[in-house]
Number of protein chains: 2
Amino acid sequence: MATNPLSEPSVTLSEQVFEALQSAIVTGDLKPGDKIREPELAKRFGTSRGPLRDALRRLEARHLVTNTPNAGARVVSLSRTQLIELYQVREALEGMTCRLAAANMRDSEIEELAELLDRHEAVVRRKAGAEYFQQEGDLDFHFRVAMGCKNDLLRSALCEDHYHLMRLYRHKFSNRSGRPRRALAEHRMILEAIRDRDGELAELLMRRHIRNARKTFEKVFSDPDAPGDNDDTEKAGR
Amino acid sequence: MATNPLSEPSVTLSEQVFEALQSAIVTGDLKPGDKIREPELAKRFGTSRGPLRDALRRLEARHLVTNTPNAGARVVSLSRTQLIELYQVREALEGMTCRLAAANMRDSEIEELAELLDRHEAVVRRKAGAEYFQQEGDLDFHFRVAMGCKNDLLRSALCEDHYHLMRLYRHKFSNRSGRPRRALAEHRMILEAIRDRDGELAELLMRRHIRNARKTFEKVFSDPDAPGDNDDTEKAGR
DNA sequence: TTTCCCGATATTGTTAACAAAACGGATCTC
DNA sequence: GAGATCCGTTTTGTTAACAATATCGGGAAA
C-alpha cells in the first residue's frame, strides 16, 4: 500500500495529510524510528511541503512524531521505560475517566458497553486469534469509557493524544499467557461498578486493571537496563 | 510594550516566535478570545507567516490557541465548565505525579521544596499581597513536584501541556477567603508525605488538595444559569 | 589503517507570491 | 424598515523558490 488517497476535497489539505500520515504510522506503513523526509512524503501525498510540515506539527503534539530542529522528524520509537511511563499516565487519566463515567455515562451507553463485552467474550471463548482481537477490543473498551466520562479535556487527552500511540504499540501491550481472559473479567467488574454508579470503585478497578497490564508487560519485557528501543523490526533504512 | 525582542539567533525562528507568542498570551498581552491575524503578528515579530503558523500549531497543542479551518486562530478562552475539567485532569495527573515523586525525588530536591514552602510561609505571614504571590507560589510547588516524579511523559504533560494554561488562569484559581493559608498547610502535609516516602498518602493528599481548590473555585464562580444546587457529578449536555 | 578535515549533496528553515475562502458593507427588493 | 444579495477587501491556505544547516563520503596526514 503505497499512497493513501487523500479524500474529502472540502476540508483543508493539512488536515488530509495529517489523517493520512497518522494512518500510515499507526498501520505500520511507516515504522517507529523511520526518518521522515519532507520532499519525499510531500510528493507521495501529492502536495507541497507546507501542509506536510503543518501535519507534522500536529503529529508531534500527539507524540507520534519527534522533531529535532535542523535535523528533521522521525516516527516516534518508545523505549521500554517510556512505555511504562505511558502505562502510568493511563492509570491516572483513565482512573479519573472511569470515576466520571460512572457518574455521567448514559444508561444507553452502559448497555452498549455491556454488549461490547459480550462480543468480546464470544471471541475469547472461540479462542480463534483471541489475543489479537482482544487487543483491539481492549482499546475499544477503554475508548468507550473515555467517551462516556463527559469531560471533554479528558476525552481529548485520551482519545486524541494517547489513543493512537496505544494503537501503535498495542502488539506490545501484554496479550500473552491468558491475560486476555483475565482482562475481560476485569472489564466486566469495571462495567458492573459503572452500572452501580459507584465511581470510587470504578476508578479503583480501572487503575488496578491498567496496573495489572503494566506488570504483565514489565514481566514479559524484563530486559533490566537495555535501551529497549531496538529489537525485532528495526533500523532506519537508508 | 509592543514587540518582544526575539533573542537567541542560533535557535530556529519558529521556536523564537513560539516562545514570544506564548509569553504574550500568558502575560496578558494577548487576551483570551483575541483573534490572531497572521500578517499582523508576523510583522510584529519581524518574520514571515511560515514560522508564525508553525508556532500557532504548537500553541494549539498546548491548548493556548484554538484554530478553526478557514476562520483563523484565537487565544483560548476557557469557560467555567472547562476550568473545572482542567481541575479534574490535574487531580488525576498530579495525584500520580505526587505518588511517583514520593518514590523518586532526590533528597536534595525534597529539601529545596521545604525551603520553598518556608519562603511561602514568610510571604503569607507578612500578608502583603499574599493572595497574588501565593498564586505563583502554588504553581511553583506543583511544578517542582512534577519535576521530581522522574516520569518524563507526566512531567511534560504537566510542565509543558498544562502549566501555561494554569498560569493563564491563575487569577481565577481560588485565592480568596483564607485559601492561601490553607493551601500552604496542605502543601506542608504533602511535603511530609513525600519526605516519608509514602506515595499512597502523598497521592491522596495531593488529590484532596486540588479537589479543595476546585470546590472553592466552584463556590466563588457559582454557575449563574444553573437551576438548582450544583451537582458535582452530573453534567447537562452542552 | 585510522583519524581528521573538507567539500559536494541533500534536507530543513524561511520567504514572498498566488489562490481560495470568509468577512463587511452597500445596494436592492419586498 | 428588514432582510437578502452582490462585490470589493481582508484573511487564510498553498505553492515554489531561496537560504542556511546538517549529512555523507573522499582524501590527506599521522
Side-chain angles (χ1 to χ4, degrees), chain A residues 3-22 24-25 30-61 64-77 234-238, chain B residues 3-22 24-25 30-31 33-61 64-77:
Chain A
T3 307
N4 300 52
L6 292 192
S7 51
E8 284 209 54
S10 66
V11 89
T12 210
L13 248 181
S14 305
E15 196 79 26
Q16 298 172 47
V17 174
F18 169 71
E19 297 283 350
L21 241 181
Q22 174 170 267
I25 291 175
L30 291 174
K31 292 182 187 56
D34 275 2
K35 178 117 179 35
I36 294 179
R37 288 180 214 69
E38 292 176 3
E40 173 190 329
L41 274 188
K43 203 176 68 180
R44 170 167 164 186
F45 290 131
T47 175
S48 68
R49 283 173 57 216
L52 185 91
R53 286 173 67 87
D54 211 272
L56 283 179
R57 285 293 111 75
R58 296 197 225 191
L59 290 168
E60 209 183 338
L64 286 174
V65 157
T66 60
N67 189 21
T68 51
N70 288 323
R74 287 182 175 281
V75 178
V76 72
S77 174
E234 181 53 32
K235 269 310 80 170
R238 26 165 47 252
Chain B
T3 308
N4 299 51
L6 291 193
S7 52
E8 285 209 53
S10 65
V11 88
T12 211
L13 249 181
S14 305
E15 196 80 24
Q16 297 172 47
V17 174
F18 169 71
E19 298 283 351
L21 241 181
Q22 176 170 265
I25 291 175
L30 291 174
K31 292 180 187 56
D34 275 2
K35 180 122 179 36
I36 293 178
R37 286 180 214 74
E38 292 176 5
E40 174 190 328
L41 274 188
K43 203 175 68 178
R44 170 168 163 185
F45 289 131
T47 177
S48 68
R49 283 174 55 216
L52 185 92
R53 286 172 69 87
D54 211 272
L56 283 179
R57 284 294 110 77
R58 295 196 225 191
L59 289 168
E60 210 182 337
L64 286 173
V65 157
T66 59
N67 188 21
T68 51
N70 287 321
R74 288 182 174 280
V75 179
V76 72
S77 174

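Numbered from 1 within each chain, the chains take letters A, B, ... in sequence-line order.
OP1 and OP2 of D:dA16 both lie 4.0 Å or more from every side-chain N or O belonging to A:K43. B:K35 has a side-chain polar atom (N or O) that falls below the 4.0 Å cut-off from OP1 or OP2 of D:dT12. The phosphate of C:dT14 has neither OP1 nor OP2 within less than 4.0 Å of any side-chain N or O from B:T47. Side-chain N/O atoms of A:S14 include one lying less than 4.0 angstrom from OP1 or OP2 on D:dT14.
Comparing atom distances between the B:T12 side chain and each of D:dT11, C:dT14, C:dT15 picks out C:dT14 as nearest. Of the candidate nucleotides D:dT12, C:dT11, C:dG13, C:dT11 has the atom lying nearest to any side-chain atom of A:R37. Considering only the side chain of A:N70, D:dA22 comes nearest among D:dA22, D:dT15, D:dT12. Nearest to the side chain of B:E38, among D:dG13, D:dA16, D:dT23, sits D:dG13. Listed candidates were D:dT14, C:dT12, C:dT15. Nearest to the side chain of B:R49 is D:dT14.
With hydrogens and angles ignored, the 3.5 Å screen pairs a side-chain donor or acceptor of A:R74 with a backbone N or O of A:G33. Checking side-chain atoms of A:Q22 against main-chain N and O of A:L59 turns up no donor-acceptor pair under 3.5 Å.
The CZ-P distance, from B:R74 to D:dT12, rounds to 10 Å in whole Å. Rounded to whole angstrom, the span from the CZ atom of A:F45 across to the P atom of D:dT14 amounts to 15 Å. Rounded to whole Å, the distance from CZ on B:R58 to C1' on C:dG13 is 11 Å. Separating the CG atom of A:L56 from the C1' atom of C:dT14 is a distance of 16 Å, rounded to the nearest angstrom. Between A:R53 atom CZ and D:dA16 atom C1' there is a gap of 14 Å when expressed in whole angstrom units. Rounded to an integer number of Å, the gap from CG of A:N67 to P of D:dA22 is 14 Å. If you measure from atom CG of A:D54 to atom C1' of C:dT12, you get 16 Å, rounded to the nearest angstrom.
B:G72 comes within 4.0 angstrom of the backbone, heavy atoms only, and of no base. Note on B:I36: only backbone sugar-phosphate atoms sit closer than 4.0 angstrom, heavy atoms only; bases stay farther off.
Between B:A73 and B:N67, the shortest heavy-atom contact is N-OD1, 3.8 Å. Contact record, B:Q16 with B:V11: NE2-O, 3.0 Å, taken as the closest heavy-atom pair.
Heavy atoms of other residues, nucleotides or ligands lying less than 6.0 angstrom from NZ of B:K35 number more than 12.
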